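Structure first, commentary second.
One-based numbering along the sequence shown. The shown structure was predicted, so the numbers you read here are calculated from the model rather than taken from an experiment. Values below: every heavy atom of this structure, side chains too, minus hydrogens, waters and symmetry copies.
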Amino acid sequence: MINEEHELNMMHALEVMDSRLNTIRAGRANPAILNGINVDYYGSPTPVQSLANITVPEAKTLMIKPFDKSCLKDIVKAINEANLGINPTDNGECVILTIPALTEDRRKEYVKQAKGIAEDAKVALRKVRQDANDEIKNDDSITEDDEKRMLDEVQKLINEYNKKVEDKLKEKEDELMQF
């Protein structure tokens with residue numbers, strides 16, 4: 001009898017993990033590396049994705065073509081300030097990001113970062129499990145046998161989600177360690 005709210009929280013933990021893993025670059029161009037970068041556009045912080053089309057013309061190149069060319073310099077400045085380790089090139093029409101090949105040390109560092117993100121997801125899942133277990137244990141209308149069965153159901157569901165976390169982590173590690 002795990003309620004839908006707990007399962008939604010588990011799904012949310014996976015979604016957050018996915019979005020955080022997407023920000024780790026794997027030596028290939030991915031528009032997700034620009035997530036969270038805001039450009040000072042007429043005095044208000046605006047996401048890059050709202051100001052420009054972002055395309056991937058080649059495997060290691062991102063092209064940012066702003067709708068308003070007057071904000072080119074601001075986009076370059078925001079990318080530099082984000083400290084992505086990528087130098088943007090402004091050709092007057094668009095901003096070009098050439099993704100450098102990753103060194104072995106950098107790859108290992110990114111794998112370590114991915115493992116940290118996966119651990120955060122597992123911690124979130126454990127918190128959901130604790131909340132669900134507390135709810136079950138504090139419900140006086142549940143018999144002892146039903147309580148045991150429900151706690152087992154919660155654990156089974158948590159095991160499923162932990163497996164998904166491990167699978168996503170393994171997938172990201174493989175992607176990062178490819179040459």
CD of Glu171 to CG of Asp174, rounded to nearest 0.5 Å, is 8.0 Å
Sequence-distant partners of Lys69, side-chain contact (heavy atoms from CB on, under 4.5 Å), two or more places apart = Glu93
Checking side chain to side chain contact (heavy atoms under 4.5 Å, CB included) for the pair Leu157/Glu160: CA distance, chi angles, key distance, verdict?
-> CA-CA 5 Å; Leu157 198 57; Glu160 251 178 66; 4.1 Å; yes
Hey, is Glu173 close enough to Lys170 for a salt bridge, meaning N to O under 4.0 Å?
-> no
Yes or no on side chain to side chain contact (heavy atoms under 4.5 Å, CB included) for Glu104 and Met177, after CA distance, side-chain angles and deciding distance?
-> CA-CA 8 Å; Glu104 185 69 22; Met177 295 312 284; 3.3 Å; yes
Heavy atoms, side chains only, cut-off 4.5 Å: are Glu144 and Glu147 in contact?
-> no
Is there a side chain to side chain contact (heavy atoms under 4.5 Å, CB included) between Ile136 and Ile142 once you walk through the steps?
-> CA-CA 8 Å; Ile136 292 168; Ile142 299 174; 4.3 Å; yes
Is the shortest heavy-atom distance from the side chain of Met10 to the side chain of Ile158 under 4.5 Å?
-> yes
Looking at Asn30, Val95, Ile96, Ile33, which hits side-chain contact (heavy atoms from CB on, under 4.5 Å) with Leu62?
-> Ile33
Heavy-atom closest pair, residues Asp74 and Ser70 = OD2-O, 4.5 Å
Does the side chain of Thr89 come within less than 4.5 Å of Thr98's, by heavy atoms?
-> no
Minimum side-chain heavy-atom gap Asp40-Lys77 below 4.5 Å = no
Can you tell me how far CE of Met150 sits from OG1 of Thr143, rounded to the nearest 0.5 angstrom?
-> 9.0 Å
Show your reasoning for whether salt bridge (Lys or Arg N to Asp or Glu O under 4.0 Å) applies to Arg149 and Glu153.
-> CA-CA 6 Å; Arg149 183 185 48 76; Glu153 282 178 26; 2.6 Å; yes
Listed by chain and number, what are the side-chain contact (heavy atoms from CB on, under 4.5 Å) partners of Asp131, not counting sequence neighbours?
-> His6, Lys127
In one Ile/Leu/Val/Met/Phe/Trp/Tyr side-chain cluster, 4.5 Å: Leu14, Leu21 | yes
The side-chain contact (heavy atoms from CB on, under 4.5 Å) partners of Asn9 (sequence neighbours excluded) come to Glu5, Val128
Measure the shortest side-chain to side-chain distance between Glu7 and Tyr161 over non-hydrogen atoms and say whether it is less than 4.5 angstrom.
-> yes
What distance separates Lys65 NZ from Leu72 CG, expressed to the nearest 0.5 Å?
-> 10.0 Å
Exercise answer: donor-acceptor pairs, residues 42-59 side-chain atoms, under 3.5 Å, sequence neighbours excluded:
unit_1 : atom_1 : unit_2 : atom_2 : d
Ser44  : OG     : Tyr41  : O      : 3.4
Thr46  : OG1    : Ser44  : O      : 3.1
Gln49  : NE2    : Asn35  : OD1    : 2.7

Per-pair distances, 0.1 Å, donor-acceptor, side chain in residues 113-125, under 3.5 Å, sequence neighbours excluded:
unit_1 : atom_1 : unit_2 : atom_2 : d
Glu119 : OE2    : Arg126 : NH2    : 3.1
Asp120 : OD2    : Arg20  : NH1    : 3.0
Asp120 : OD2    : Arg20  : NH2    : 3.4
Lys122 : NZ     : Glu166 : OE2    : 2.1

Matching residue for Leu97 among Asn87, Thr61, Leu34 - test: side-chain contact (heavy atoms from CB on, under 4.5 Å) | Leu34
Apply salt bridge (Lys or Arg N to Asp or Glu O under 4.0 Å) to Glu109 and Arg106, showing your working.
-> CA-CA 5 Å; Glu109 189 179 310; Arg106 197 77 167 141; 2.8 Å; yes
Going from CE on Met11 to CG on Leu8, what distance comes out if it is rounded to the nearest 0.5 angstrom?
-> 5.5 Å
With rounding to the nearest 0.5 Å, note down the distance linking CD1 in Ile86 to CG in Asn80.
-> 10.5 Å
For Lys148, all residues meeting side-chain contact (heavy atoms from CB on, under 4.5 Å), sequence neighbours excluded = Asp152
